[in-house]
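Working notes for the structure below.
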Number of protein chains: 2
Amino acid sequence: MVTMDDVARRAGVTKQTVSNVVRGRAVVSPRTKAKVEAAIAELGYQPNLVARGLATGTTMTVGFIVPTVANPFYSAVVEEVETLLEMHGYHLLLATTRGDGERARRHLASLSSRSVDAVLVAEDRDLGDVPLLERMGVPVVLCAWETTPPGGLPVVTVDYEKAGYLAGRHMHKLGHRRPVVIADLPAHQIRVQGMRRAFAEVGVTVPDDSVLAAPEATSESGYAAMLRALGSGNKPSCVLTSTDAIALGVTEALRHQGLRVPEDVAVIGIDDIPQAAHAHPPLTTVSLPKRRMARDATGLLLNAIRDKQPVPPDVSLLSPEVVVRATCAPPAG
Amino acid sequence: MVTMDDVARRAGVTKQTVSNVVRGRAVVSPRTKAKVEAAIAELGYQPNLVARGLATGTTMTVGFIVPTVANPFYSAVVEEVETLLEMHGYHLLLATTRGDGERARRHLASLSSRSVDAVLVAEDRDLGDVPLLERMGVPVVLCAWETTPPGGLPVVTVDYEKAGYLAGRHMHKLGHRRPVVIADLPAHQIRVQGMRRAFAEVGVTVPDDSVLAAPEATSESGYAAMLRALGSGNKPSCVLTSTDAIALGVTEALRHQGLRVPEDVAVIGIDDIPQAAHAHPPLTTVSLPKRRMARDATGLLLNAIRDKQPVPPDVSLLSPEVVVRATCAPPAG
DNA sequence: CTGAAAGCGCTTACAG
DNA sequence: CTGAAAGCGCTTACAG
């Protein structure tokens, strides 16, 4: 490994001068600068970021704690965060929890031993451990928080209640009055709450037995739940789901029962995963602003690092929006 | 931040002794050890991994260069790699290239400045820069390499040719003789080659005009390609696709044209993404051993780190296998 | 604008 | 088994 001293010797200057040109400080005369740059090129010198990290306390790396990456929602967020960080010269330390609080805590401790410059947390279950997060000593931002975020920390998340509300409103505006809801509960509780609020606006109370739990947010689970709903004699005019994956399964189940979407039954999802657009018929859904969330959260972190200031504990609720495609229509008859 | 010196002072010993107990070296008397451990607990001391990294040259972190994470195949691999690393106390530095060679090279340089302990590379386009990889000075393993890997480096990858072969053999064993192939070309060239080899075994040459390119490996792209195939008057008895996503689109297109799967047309995919099992009908496919690949590659890296030896440049080709579900049947009539 | 010194928090030999 | 010294490769004041 070639060090700063090697470069200094080669250029006939001192280590400190090399440091100055490497970091672009304008206190070096053009001539010395040229000499040093030549030496750097000849030797193929690359600054040792670990040494710099020890000296300055900054490592140019940001930790991201996320439940999983094997899920289109989180992987889209991770992809966007990583891209933004790389644009600013930062690297991503990815830490997966798989919903395991112990593992999350281990990661947090480890990230702090590694002196990451900031931490982004998208794990909203089992991590409401504010003291631990505050003790990190670096900027922390919470994102993709669907449960009530712990107070005192900045959060950039989606307005999940509004996502449900928009789905509900879209349906009642089309004239639907007897919705069936299929949701991954209790995880998506708040989305269902929003759906109910929308129908309440037009005087419709969604009865509890019209809300079915899909044990997982998968299309298979949605398929099974829809079959159950149909089996119980219900023939809804519309189905609201807490997730696109569920909606896709629901659509399949309906079709297999000889019901046309949207002519016989309207279906709406939440999320807007890539498959939603590619489905047949293309799925009408409420798009969650993943990229905006990733950008905003990363931006807050990057600014805080630059200004050496903590992130103010503001709560930012990003608004989802309806993406009209082909699975919704007014009720038949 | 509490340092080793603080702990030493508190325990009435020297920094070196603290270091010894922290690293679990058995050269400390039980009494001193207890004193030190008490001091550590009282002070909440955590070793500074950056300082240790500078002193030892090891950072307990592994870099992973991957084209994207917004894709079920790669995100499954990343998830598995991260889990294994975390089990061994290592952290994952995730670097995404999006197929951009320049970005890949930047990441490589950056990873080496950061003294990662090892590098895993799943970007097989535009990174055949062996010298660069060899100069890393740390163990390097290539994985998920579908193009011919550069010589001289260890690789753990899937036998993609065999994946195609198995898909082809599954079809010809059912009695199919006039296949249509829909593939993301040229990326999946080798899979198509395998399919052709399988049919050649039963004396069938797959003509070029039976091989359709899907511009992307998406279900939408598969849907469009299938429509084209049907439009050209072809009414194949079976369709082999280079990807599950394509296969899902193909199935939809067939159904929309009034053709039943598998009664009228058999369909097989490659990959075995989660949706394959959840599709209706569940997709028969050739499963790519992602987890095994992730485990083997990570294992090689971890062993090489432990033994302070480079990874021998062996090439490991993991065998895919057919997962029979519901989209294949013998040709009608 | 350039150089010599001290320090970041740890580990690695090496005496006692 | 314990302690004092030197060093990892950089940066940060501080003289010249």
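Residue numbering restarts at 1 for every chain, and letters A, B, ... go by the order of the sequence lines. Since the model is a prediction, treat every value here as computed from it, not as a measurement.
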Sugar-phosphate only, base, or nothing, as touched by B:T14 at under 4.0 Å among non-hydrogen atoms: base

Whether [X] side chain and [Y] backbone form a donor-acceptor pair below 3.5 Å:
{"X": "A:R114", "Y": "B:T59", "value": "yes"}
{"X": "A:K290", "Y": "A:D271", "value": "yes"}
{"X": "A:S113", "Y": "B:L49", "value": "no"}
{"X": "B:D117", "Y": "B:M60", "value": "yes"}

Passing candidate, side-chain contact (heavy atoms from CB on, under 4.5 Å) with A:V66, options A:T97, A:T96, A:V121: A:T96

Nucleic acid contacts of residues 49-63 of chain A, taken as heavy-atom distances under 4.0 Å to DNA chain D: A:A51, A:R52, A:A55, A:T56

B:E79 side chain to A:T68 side chain, donor-acceptor N/O pair below 3.5 angstrom: yes

Side-chain donor-acceptor contact under 3.5 Å, B:R98 with A:T83: yes

With a cut-off of less than 4.0 Å, is there a side-chain N or O of [X] near OP1 or OP2 of [N]?
{"X": "A:R23", "N": "D:dT12", "result": "yes"}
{"X": "B:T3", "N": "C:dC8", "result": "no"}
{"X": "A:T17", "N": "C:dG3", "result": "yes"}

In whole Å, what is the span from the [atom1] atom of [X] to the [atom2] atom of [N]?
{"X": "A:N20", "N": "D:dT12", "atom1": "CG", "atom2": "C1'", "answer": "10 Å"}
{"X": "A:K35", "N": "C:dC1", "atom1": "NZ", "atom2": "C1'", "answer": "12 Å"}
{"X": "A:Q16", "N": "C:dA6", "atom1": "CD", "atom2": "P", "answer": "15 Å"}
{"X": "B:R31", "N": "D:dC1", "atom1": "CZ", "atom2": "P", "answer": "14 Å"}
{"X": "B:Q46", "N": "C:dC10", "atom1": "CD", "atom2": "C1'", "answer": "15 Å"}

Among D:dG9, C:dT12, C:dG9, the nucleotide that comes nearest once only the side chain of A:N48 is considered: D:dG9

Residue matched to D:dA4 through Watson-Crick or wobble contacts both under 3.5 angstrom: none

